[in-house]
Amino acid sequence: MNVPQQRKVVTEIPGPKSQEIIKRRSEAVSASLGMALPAVITNASGGILLDIDGNQIIDMGAGIAVVNVGNAAPAVVKRVQDQVAAFTHTCFMIAPYEGYIEVCEKLNELTPGKFRKKSALFNSGAEALENAVKIARHYTKRQAVVVFEHGYHGRTNLTMAMTAKNMPYKEGFGPFTPEVYRMPMAYPFRSEGNVDHVLEEVIHKIEKEIGTHNVAAIVIEPIQGEGGFIVPPKGFLPGLAKFAKASGALFIADEVQTGFARTGTWFACEDEGIEPDLITTAKGIAGGLPLAAVTGRAEVMDEIHPSGLGGTYGGNPIACAAALGAIETIQSQNLVARANELGKIMVEALNTMKAKYPVIGEVRGRGAMIAIELVKPGTKEPNGDVLGKVVKYAQAKGVLFLTAGTYGNVLRFLPPLVIGDELVNDAMSVLDEAFANVN
Ligand code: PLZ
């Protein structure tokens with residue numbers, strides 16, 4: 001590991017060197033871009049981010065579920081270095097290379113679904129979603145796309161339409177693409193009634209408001225990410241998949257955030273044995289390099305006319321080399337099992353905190369995709385105030401926690417899967433201390 005695996009705070013955060021560079025940032029970089037951690041990073045590995053002032057910060061976010069294999073994972077570095085020295089780009093639509101094909105072979109093999117699959121590679125999660133919808137519309141000859149409350153699918157025009165939350169993603173950026181319909185989501189902490197009730201309501205609304213025969217695809221994150229790590233109750237996803245099948249629509253699982261061992265299985269859909277027609281992946285696929293994919297039923301993926309899909313950089317050889325290194329690392333280090341171990345450690349610590357601090361309304365998640373929802377004690381009223389204070393407190397102590405949630409009141413934990421137990425325990429004790437101090 002290129003960085004010592006220990007939390008260490010040697011200056012205030014941001015330290016003087018970070019402050020100087022952040023000043024340049026505000027001069028040069030559009031003010032539209034957020035900044036969760038005001039510390040300029042120079043190195044990172046395992047569970048630690050090293051900043052330019054020498055602070056070693058525990059990384060409980062993995063760059064939003066991207067570096068599941070850790071930053072600068074040796075197998076990723078080696079393959080990327082070899083590839084970048086060999087050639088950097090041909091454009092796969094101009095001249096092929098083996099790395100792209102090998103990534104597709106791995107995706108076809110690793111994603112759920114006991115049928116013949118094919119894949120196509122792109123650059124970002126949003127681009128994968130765009131393409132999945134293009135494929136579904138072309139294949140079904142239908143237009144309507146069904147998405148869900150609290151869902152997040154990206155920031156392009158189509159994916160903004162698919163994303164539920166207005167601020168900050170959509171405000172002022174309309175008009176949005178038509179034929180996107182948002183349905184109620186089964187959100188156990190907040191939904192009234194049981195799953196069957198929400199499922200029935202969704203199906204009823206599709207029938208009455210869209211017309212079942214118009215639906216090209218039902219698109220859902222098996223665990224909603226940005227929306228607040230909302231785990232649908234058992235039966236909800238299989239019910240939707242069954243309805244999609246019966247009505248001739250495609251069931252598309254957006255596994256951009258949940259994929260690549262994050263939830264304690266290779267893909268979150270495996271939990272209830274769901275076999276989506278199409279799966280979108282990105283983030284954890286390539287250890288930090290930009291890569292995304294649509295994987296699905298061969299007859300669907302092949303129905304598009306030649307040259308119907310593509311893009312200059314999609315499946316760039318360096319990103320593909322990184323993906324092969326990341327997949328190799330997940331396998332050789334058994335990070336699927338590790339995600340479950342990490343989840344256990346976090347859930348236990350968080351449940352102990354929940355018993356002490358009534359602002360913690362719920363502990364939820366699966367594998368190493370865990371969150372707590374903060375409320376005003378004794379109610380379910382969102383408590384974004386305490387969330388902000390806790391995150392700030394932890395940062396000053398050298399721990400980076402990410403937030404999420406439609407109501408801005410969810411603290412999410414998605415550490416690199418190669419993080420050590422000591423660091424996770426340390427992060428949890430800093431969090432405990434934070435709750436004790438900000439309450
Ligand atoms: N689908 C399920 O989680 C990206 C968004 C960060 P891109 N989530 C992080 C931000 O604020 O922009 C995401 C996701 C799911 C699609 C996407 C989009 O992936 O690679 O960011 O385009």
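Quick caveat: nothing in here was measured; it's all calculated off a predicted structure. All ligand and atom numbering here is 1-based and tracks the order in the structure. Heavy atoms only: backbone and side chains are in, while hydrogens, waters and symmetry mates are out.
Between F122 and Y313, a ring centre-to-centre spacing not shorter than 6.0 Å is recorded.
Using cut-offs of 30° and 60° for the angle between ring planes, the F92 and Y100 rings count as parallel.
Counting only heavy atoms of the protein, atom 1 (N) of ligand 1 lies nearest to D254 OD2, 2.7 Å. What sits closest to atom 18 (C) of ligand 1 on the protein, heavy atoms only, is A126 N, 3.6 Å. Atom 6 (C) of ligand 1 has as its closest protein heavy atom I64 CD1, 3.7 Å.
Considering backbone and side-chain N/O of A282, none are found under 3.5 Å from N/O of ligand 1. Residue contacts with ligand 1: E226 is placed with a nitrogen or oxygen under 3.5 Å of a nitrogen or oxygen of the ligand (distance criterion only). At least one N or O atom of G125 sits closer than 3.5 Å to an N or O atom of ligand 1. Residue R155 places at least one N or O, backbone or side chain, under 3.5 Å from an N or O of ligand 1.
T159 and E130 share no donor-acceptor pair across their side chains, judged by distance under 3.5 Å alone. In the model, N214 has no side-chain atom that pairs as donor or acceptor with a side-chain atom of Q143 under 3.5 Å. Of the N and O atoms on the side chains of N157 and T177, not one donor lies less than 3.5 Å from an acceptor on the other residue.
Close approach to Q257 involves these atoms of ligand 1, each under 4.0 Å from a residue heavy atom: 3 (O), 8 (N). For ligand 1, the atoms sitting less than 4.0 Å from at least one non-hydrogen atom of S124 are 20 (O), 22 (O), numbered in the order shown with element in parentheses. Which parts of ligand 1 touch E221 is read off a 4.0 Å heavy-atom cut-off, strictly below it: atoms 2 (C).
Remark: K234 NZ is packed, more than 12 non-hydrogen atoms of other residues, nucleotides or ligands lying under 6.0 Å away. Enclosure of atom NE2 in H89 by more than 12 non-hydrogen atoms of other residues, nucleotides or ligands within 6.0 angstrom is indicated. Enclosure of atom OH in Y97 by more than 12 non-hydrogen atoms of other residues, nucleotides or ligands within 6.0 angstrom is indicated.
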Practice prompt. Could you walk me through whether F267 and F260 pass ring-ring contact (aromatic ring centres under 6.0 Å, His included), step by step?
Written response: CA-CA 6 Å; F267 295 94; F260 293 92; 5.1 Å; yes
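Using a 4.0 Å cut-off between heavy atoms, H153 contacts ligand 1 through its backbone alone, with no side-chain atom that close.
Distances from ligand 1 to the non-hydrogen atoms of K283 include at least one value under 4.0 Å.
Within a 4.0 Å radius of atom 3 (O) of ligand 1, the protein contributes one or more non-hydrogen atoms.
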